[in-house]
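Inspection log for the structure reproduced underneath, given as C-alpha cells.
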Amino acid sequence: MSILKDKNILLGITAGIAAYKSASLVRLFIKAGANVKVVMTPASKEFVTPLTLSTLSKNPVYSSFTDEEDDNQIWNNHVDLGLWADLFVIAPATANTMAKMANGVCDNILLATYLSAKCSIYFAPAMDLDMYKHDSTKASFEKLTSYGNKLIPAGTGELASGLVGEGRMAEPEEIVAYIENDILDQLPLRGKRVLITAGPTYEAIDPVRFIGNHSSGKMGFEIAKAAANLGAEVVLVTGPTHQKITHHLVTVKPVITAEDMYNEVHKHFNTSDIAILSAAVADYRPKNVADEKIKRKKPRLLLS
Ligand SMILES: Cc1cc2nc3c(=O)[nH]c(=O)nc-3n(C[C@H](O)[C@H](O)[C@H](O)COP(=O)(O)O)c2cc1C
C-alpha cells in the first residue's frame, strides 16, 4: 500500500514539452490510491488537453479563475483548491512559472493556488539545457527551496531540442517515488524496526485437539498497522487468527504454539528497536502430545 493512498494531490501543469508525461503522472497517483485534481497554466493547454486530464483524474480541471463558458461566471476557487490539497506537485515546472513563483507573481490560477496553498509543495523542473543552467533559473531554485518548496531534480539525457544534458523532467515513476520517500522520511518511526506479537497460541493435545484461547489478534494487528503508518518496519509474529494486514512495511510471521512464537520472536528481538508483545500466549501446554487422537474411553480426560 502506498503512503499516497487517500491523499489529496493537486497536480500543477505548466507549458513545457514534458507536459505530455503529466497524464502518466495522474495515472500513477490514482493507482497509488490518491485523489487527484489538476490545475493548469493557460499556456500548458497547448501541450496536453484538459479533457485527457479530467478523464484520467475523474475531476474537473482548472485553468482559469472563472468558468468562462457560463453566463453566470463561477469562480474556480483557488483558495479552496489550495486548502483541499495535502500535496501540490508542479510537474513540469517551466522556467517562467518558477520565476513567477519565486517572486510572488500571481497572474493565473496555478500561481494563485500556489500562493494560497498551505500544504507541502514539490516542483519538477523541465527545460532545455541552457535555460536550466541559466543563473536566473538557479536563483529561482534557490528562492523556491528557501521558501520550503521541494525540488525534484531534473535528470540528464536527450532533450526535446536535441541537446543532451541536464533539464529533462524526472520520469513520472521517479516523481512518485521521490514524494513517497520524502513523506516516509518525515514519519516519526521511519527507520525503526518494531517487533509485535499478536493473537493466541494453540498447544496441541493430540493431532485434533488443542488448548487455545479466544484472543482475536485484533489489537496486535491494529498496533502493527499504526506503527507501519508511522513509518516503522514491522515484524508481526502472530498466532492463528482471522485478522488480515496488507502493508508494504509489515512482514507477517505466522506461528502456532508458544514455543514457535518464542523461537520466532528471538530471531528478531536483537535487531528490533521496539518490541510490543500483545499476544495471548498459552500459560500451559501438555507435557506429552499424543501421536494419535486420544480415544474417548473415560468420562474425564486428564492432561499432564
Ligand atoms: C514547443 C515548446 C516547448 C517548450 N518547452 C519548454 C520547457 O520544456 N521548459 C520551459 O521552461 N519552457 C518551455 N517552453 C516555453 C514556455 O512554453 C513559455 O515560457 C511559456 O510562457 C510558459 O508558460 P507557463 O509557465 O505559464 O506555463 C516551450 C515552448 C515551446 C513553444
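In each ligand, atom 1 is the first atom listed, and ligand 1 is the first ligand listed. The shown structure was predicted, so the numbers you read here are calculated from the model rather than taken from an experiment. Note that the numbering runs from 1 along the sequence shown for the chain.
With A95, P92, A126 as candidates, the residue nearest to atom 8 (O) of ligand 1 on a non-hydrogen basis is A126.
The shortest contact between atom 14 (N) of ligand 1 and any protein heavy atom is with A15 O, 3.6 Å. Nearest non-hydrogen protein atom to atom 26 (O) of ligand 1 is N96 ND2, 3.3 Å. Protein heavy atom closest to atom 1 (C) of ligand 1, with residue, atom name and distance, is F47 CE2, 4.0 Å. For atom 6 (C) of ligand 1, the nearest protein heavy atom (residue, atom name, distance) is G16 CA, 3.6 Å. Ranking protein heavy atoms by distance to atom 5 (N) of ligand 1, first place goes to I17 N, 3.5 Å.
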Set out, in order, the CA-CA distance, both residues' side-chain angles and the distance that settles side-chain contact (heavy atoms from CB on, under 4.5 Å) for I183 and L4, then state yes or no.
CA-CA 9 Å; I183 296 172; L4 298 180; 3.7 Å; yes
Working for side chain to side chain donor-acceptor pair (under 3.5 Å), residues N263 and E259:
CA-CA 6 Å; N263 291 333; E259 196 174 6; 4.7 Å; no
What do the steps show when you test F141 against Y132 for ring-ring contact (aromatic ring centres under 6.0 Å, His included), and what is the final call?
CA-CA 10 Å; F141 290 164; Y132 195 81; 5.3 Å; yes
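Only the side chain of M131 comes within 4.0 Å of ligand 1, counting heavy atoms alone; its backbone N, CA, C and O stay farther away.
Across all non-hydrogen atoms, the minimal contact from G217 to T241 is CA-OG1, 4.3 Å.
Applying the 4.0 Å criterion to heavy atoms of T97 picks out, from ligand 1, the atoms 24 (P), 25 (O), 26 (O), 27 (O). Heavy-atom contacts of T14 reach the following atoms of ligand 1: 27 (O) (cutoff under 4.0 Å). Close approach of ligand 1 to T41 is summarised as follows: ligand atoms under 4.0 Å from at least one heavy atom of the residue are 24 (P), 26 (O), 27 (O). Taking every non-hydrogen atom of M127 and a distance limit under 4.0 Å, the qualifying atoms of ligand 1 come out as 7 (C), 8 (O), 9 (N), 10 (C), 11 (O).
Note on D206 versus K293: no salt bridge recorded, every NZ/NE/NH1/NH2 to OD/OE distance being 4.0 Å or above. At a threshold of 4.0 Å, the pair E166-K133 does not count as salt-bridged, since none of the basic side-chain nitrogens sits closer than that to a carboxylate oxygen.
Distance check on atom 18 (C) of ligand 1: every protein heavy atom falls at or beyond the 4.0 Å cut-off.
Distances between N or O atoms of S44 and those of ligand 1 include no value under 3.5 Å. At least one N or O atom of T94, backbone or side chain, sits closer than 3.5 Å to an N or O atom of ligand 1.
Between Y262 and H266, the two ring planes are tilted [angle within 30° to 60°]. Between Y122 and Y178, the angle of the ring planes goes over 60°, which puts this pair in the perpendicular group of the 30/60° scheme.
Few gaps surround CD on Q186; more than 12 heavy atoms of other groups in view lie less than 6.0 Å from it.
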